[in-house]
Amino acid sequence: MDQVEFSGGVMHIKDHSSPPLSQETVEKLIQRSQEAKQQAYCPYSKFRVGAALLTKDNSVITGCNVENACYNLGVCAERNVIAKAVSEGHRSFKAIAIASDMNDKFISPCGGCRQFMREFGLHWDVYLSKPDGLYLKRTVDELLPDSFGPEELLRK
Ligand code: THU
């Protein structure tokens with residue numbers, strides 16, 4: 001991914017999709033998200049969510065939702081895992097897998113998390129899973145069409 005200088009910082013600007021992941025890689029990523037779900041701290045909602053993020057250099061970072069007695073401070077699994085990855089030096093992502101305990105519906109990220117994903121590109125994959133391992137594949141662009149992103153800040 002190319003980068004451009006912006007206001008003294010560095011901003012991602014080119015966004016190319018990666019070759020498709022193998023079935024085995026997808027299944028392993030979903031499994032990692034299911035394992036991460038076990039760490040969920042959700043005493044208020046009791047709604048466990050786990051996420052596993054595959055970086056461009058094939059690292060897997062995991063995260064879960066972390067709630068708070070001050071309810072609005074709770075953090076979703078997806079935002080948590082992206083913040084973890086960025087703070088460990090990763091900014092290019094191939095895919096994220098998301099897991100919850102819902103048996104009858106694929107877990108789907110909230111609007112805020114879609115925007116958080118979109119910051120790091122439109123053309124990477126989001127795997128929405130169920131506990132039995134079945135999944136839907138979406139791109140960030142499909143989940144958040146006509147989005148606003150970092151490129152807009154460079155336009156007049
Ligand atoms: N949650 C996530 O972590 N990710 C999602 O995709 C949907 C919702 C969390 C937030 C909160 O801790 C709990 O699930 C119930 O909304």
Side-chain angles (χ1 to χ4, degrees), residues 1 11-12 15-18 20-152:
M1 182 179 280
M11 177 185 285
H12 297 275
D15 175 26
H16 304 294
S17 50
S18 312
L21 300 181
S22 69
Q23 183 71 18
E24 190 192 356
T25 303
V26 174
E27 284 169 10
K28 276 193 192 152
L29 198 64
I30 289 171
Q31 195 184 335
R32 294 291 301 273
S33 72
Q34 290 173 340
E35 288 163 12
K37 183 180 73 176
Q38 293 171 29
Q39 306 302 330
Y41 176 76
C42 52
Y44 309 107
S45 72
K46 311 255 190 316
F47 190 89
R48 302 188 306 167
V49 184
L53 189 59
L54 180 65
T55 69
K56 231 11 169 224
D57 63 2
N58 295 318
S59 303
V60 176
I61 317 281
T62 60
C64 60
N65 54 333
V66 180
E67 298 184 347
N68 194 277
C70 183
Y71 290 176
N72 61 322
L73 295 182
V75 185
C76 292
E78 298 90 324
R79 255 179 278 185
N80 200 11
V81 76
I82 291 171
K84 267 184 77 179
V86 171
S87 62
E88 290 173 20
H90 304 281
R91 293 184 179 186
S92 282
F93 306 122
K94 290 183 180 174
I96 185 171
I98 313 166
S100 84
D101 293 316
M102 290 189 293
N103 289 310
D104 55 351
K105 191 180 183 295
F106 297 98
I107 179 69
S108 190
C110 77
C113 288
R114 293 176 192 212
Q115 182 68 33
F116 219 76
M117 293 172 192
R118 189 264 173 266
E119 180 72 17
F120 299 97
L122 287 165
H123 307 294
W124 53 291
D125 297 333
V126 185
Y127 291 92
L128 319 176
S129 78
K130 284 195 213 170
D132 62 6
L134 283 178
Y135 61 86
L136 291 178
K137 176 186 169 186
R138 298 284 184 261
T139 64
V140 173
D141 195 29
E142 285 167 342
L143 291 175
L144 194 69
D146 303 322
S147 63
F148 179 86
E151 299 84 1
E152 271 60 65

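Everything quoted here is computed from the prediction, not taken from an experiment. Counting starts at 1 for both ligands and their atoms, in listed order.
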Do protein heavy atoms approach atom 16 (O) of ligand 1 to less than 4.0 Å?
->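 Not a single protein heavy atom is under 4.0 Å away.
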Going by distance only, is there an N or O of Ala77 that falls short of 3.5 Å from an N or O of ligand 1?
->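 N/O-N/O distance under 3.5 Å: yes.
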Is atom CD of Glu24 surrounded by more than 12 heavy atoms (other residues, nucleotides or ligands) closer than 6.0 Å?
->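 Incorrect, the count does not exceed 12.
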What residue and atom, counting heavy atoms only, is the protein's closest point to [atom], and at what distance?
atom	result
atom 6 (O) of ligand 1	Glu78 OE2, 2.5 Å
atom 7 (C) of ligand 1	Ile107 CD1, 4.2 Å
atom 12 (O) of ligand 1	Glu67 OE2, 2.5 Å
atom 10 (C) of ligand 1	Cys76 SG, 3.9 Å
atom 9 (C) of ligand 1	Asn65 ND2, 3.6 Å
atom 1 (N) of ligand 1	Val49 CG2, 3.7 Å

From Arg79 CZ over to Cys110 SG, what is the distance, rounded to the nearest 0.5 angstrom?
->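 Arg79 atom CZ to Cys110 atom SG measures 4.5 Å (nearest 0.5 Å).
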Enter the distance from Leu136:CG to Ser108:OG here, rounded to the nearest 0.5 Å.
->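 Here the interatomic distance stands at 8.5 Å.
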Residues that Arg118 engages under salt bridge (Lys or Arg N to Asp or Glu O under 4.0 Å), provided they are two or more places apart =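 Partners of Arg118 under the salt bridge (Lys or Arg N to Asp or Glu O under 4.0 Å) test: Glu151.
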Using 30° and 60° as the class limits, which term best fits the ring planes of Phe93 and Trp124: parallel, tilted or perpendicular?
->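 Because their plane-to-plane angle lies in the 30° to 60° range, the rings of Phe93 and Trp124 count as tilted.
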Output every pair passing side-chain hydrogen bond (donor to acceptor under 3.5 Å, both in side chains) with a member in residues 62-72, not counting sequence neighbours, ordered by first then second residue.
->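 Of all non-adjacent pairs touching residues 62-72, those that pass side-chain hydrogen bond (donor to acceptor under 3.5 Å, both in side chains) are Ser45-Glu67.
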For ligand 1, is any non-hydrogen atom under 4.0 Å from Cys113's backbone (N, CA, C, O), its side chain (CB onward), both, or neither?
->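 Within the 4.0 Å criterion, Cys113 makes no contact with ligand 1.
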Below 4.5 Å, heavy atoms only, C-beta onward: do Asp125 and Ile96 meet side chain to side chain?
->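 No, every pair of side-chain atoms sits at 4.5 Å or beyond.
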